[in-house]
There are 2 protein chains.
Amino acid sequence: MENPSLGGWQALPSWLLTQTAAHAHRLVAEGFAAVQARGYHYRLLATLEELGPASQATLGRSSGIHLSDMVATINELADAGLVERAPDPTDRRRNVISLTPAGKRRLRRLEKRLATTQDELLAPLSPEERRQLTDLLAKLLDHHNRSAGGSPISRG
Amino acid sequence: MENPSLGGWQALPSWLLTQTAAHAHRLVAEGFAAVQARGYHYRLLATLEELGPASQATLGRSSGIHLSDMVATINELADAGLVERAPDPTDRRRNVISLTPAGKRRLRRLEKRLATTQDELLAPLSPEERRQLTDLLAKLLDHHNRSAGGSPISRG
DNA sequence: AACGGATCGTTCGGGGCACTAACGTTCGTG
DNA sequence: CACGAACGTTAGTGCCCCGAACGATCCGTT
């Protein structure tokens, strides 16, 4: 009676999503780790390129990275010379974080890495299916970014 | 040069997937936390119902929960009277974990909770879209469970 | 019967990600 | 000036995933 390949419970979307996400997360993390990076690094660098120089609070709101995690993330990136942290002359509470040329090169590298990972992740899907998946996920993400406050973008 | 609007990086499947997964993870975790549970609890109880009484190692292999995390998870569930841990008379290395009636009721409750969470998660999608998403994710999950060794299921 | 390899359960620790609490500093505004 | 708000920082929590190590037990071989 017991089906060795599929039980009832593992067909639940939440199970599928969390498990797939776990795989995706692992693949992405492994890809980043292979170049001594973490997800936060990419997210911060990408957001930084999108916004230009900005304060930590602004970056946190835009990237969805918690303020308290921003500190460590920026520390790491700054230690590696990928971003620069300078006091804002117009507001002494703020630091202005900016992307260095090395940081930009780093970002390009991480993007390439990520593209590779995605091919790996989406290997079993046809181009059409990949487009479908992207659309569906985008719809979900948009919805939840709207309702739940933590919107990564479009909240400037 | 720069991508002023929201063109580039946040359309990447990996970004969409990890972000969506983050939302899914949060929703699921919140749903479970509302009844003092964690994802591991559900996964273990569900696996236990699927397999029947089994050793911790077997449960770990089938549920994808790391052996070292199994200990704490079973401790918690056993403290709550949801599972029973008894020494295996035929192999003194092993414990036989079994589901109590209370554990079964608990599982039913968590399943209901999960169903609610899924409605919340998939709210913006039509039934047809939900089916599409489920199919795509199942395909991805199956692929990666096959290739990557750490398959949560179908490894008996 | 003794040995060696494998399995099982357990403890400890760490990494990544998301989040809370608290604190001192600085900025605006009343 | 005083007050509340925003900013950056530190410290700590929780969940999930993973690895290292260890004692106890089982099993196949000798």
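When only modelled atom types and interatomic distance are considered, A:Q118 and A:R130 share no side-chain donor-acceptor pair under 3.5 Å.
By the 4.0 Å N-to-carboxylate-O rule, B:R131 lies too far from B:D135 to be salt-bridged with it.
Note on A:A57: only backbone sugar-phosphate atoms sit closer than 4.0 angstrom, heavy atoms only; bases stay farther off. Contact annotation for B:L67: base contact, defined as any heavy-atom pair under 4.0 Å involving a base atom.
Listed nucleotides: D:dC17, D:dC7, D:dC15. Nearest to the side chain of A:R61: D:dC7.
In this model, a side-chain donor or acceptor of B:S68 finds a partner on the base of D:dG19 within 3.5 Å. Looking at A:H25, its side chain has no donor and acceptor atom pair within 3.5 Å of the base of C:dG16.
With rounding to whole Å, B:H66 atom NE2 is found 12 Å from C:dT10 atom C1'. Taking atom CG of residue A:L44 and atom P of nucleotide C:dC17, one finds them 12 Å apart after rounding to whole Å. In this structure, A:Q36 atom CD and C:dG15 atom P are separated by 14 Å, rounded to whole Å.
Each of B:T58 and A:H41 was assigned the nucleotide of DNA chain C with the nearest heavy atom; the assignment lying further toward the 5' end belongs to B:T58.
Contact annotation: the side chain of B:H144 never approaches that of A:R26 to less than 4.5 Å [non-hydrogen atoms, C-beta and beyond]. With contacts defined as side-chain heavy-atom distances shorter than 4.5 Å, the pair A:Q56/A:R85 qualifies.
Within residues 76-100 of chain A, the residues having any heavy atom under 4.0 Å from DNA chain D are, by residue number, A:R85, A:R93, A:R94, A:N95.
Within the 4.0 Å cut-off from OP1 or OP2 of D:dT9, at least one side-chain nitrogen or oxygen of A:Q56 is found.
Atoms CD and CZ, on B:E49 and B:R108 in that order, are 4.0 Å from each other to the nearest 0.5 Å.
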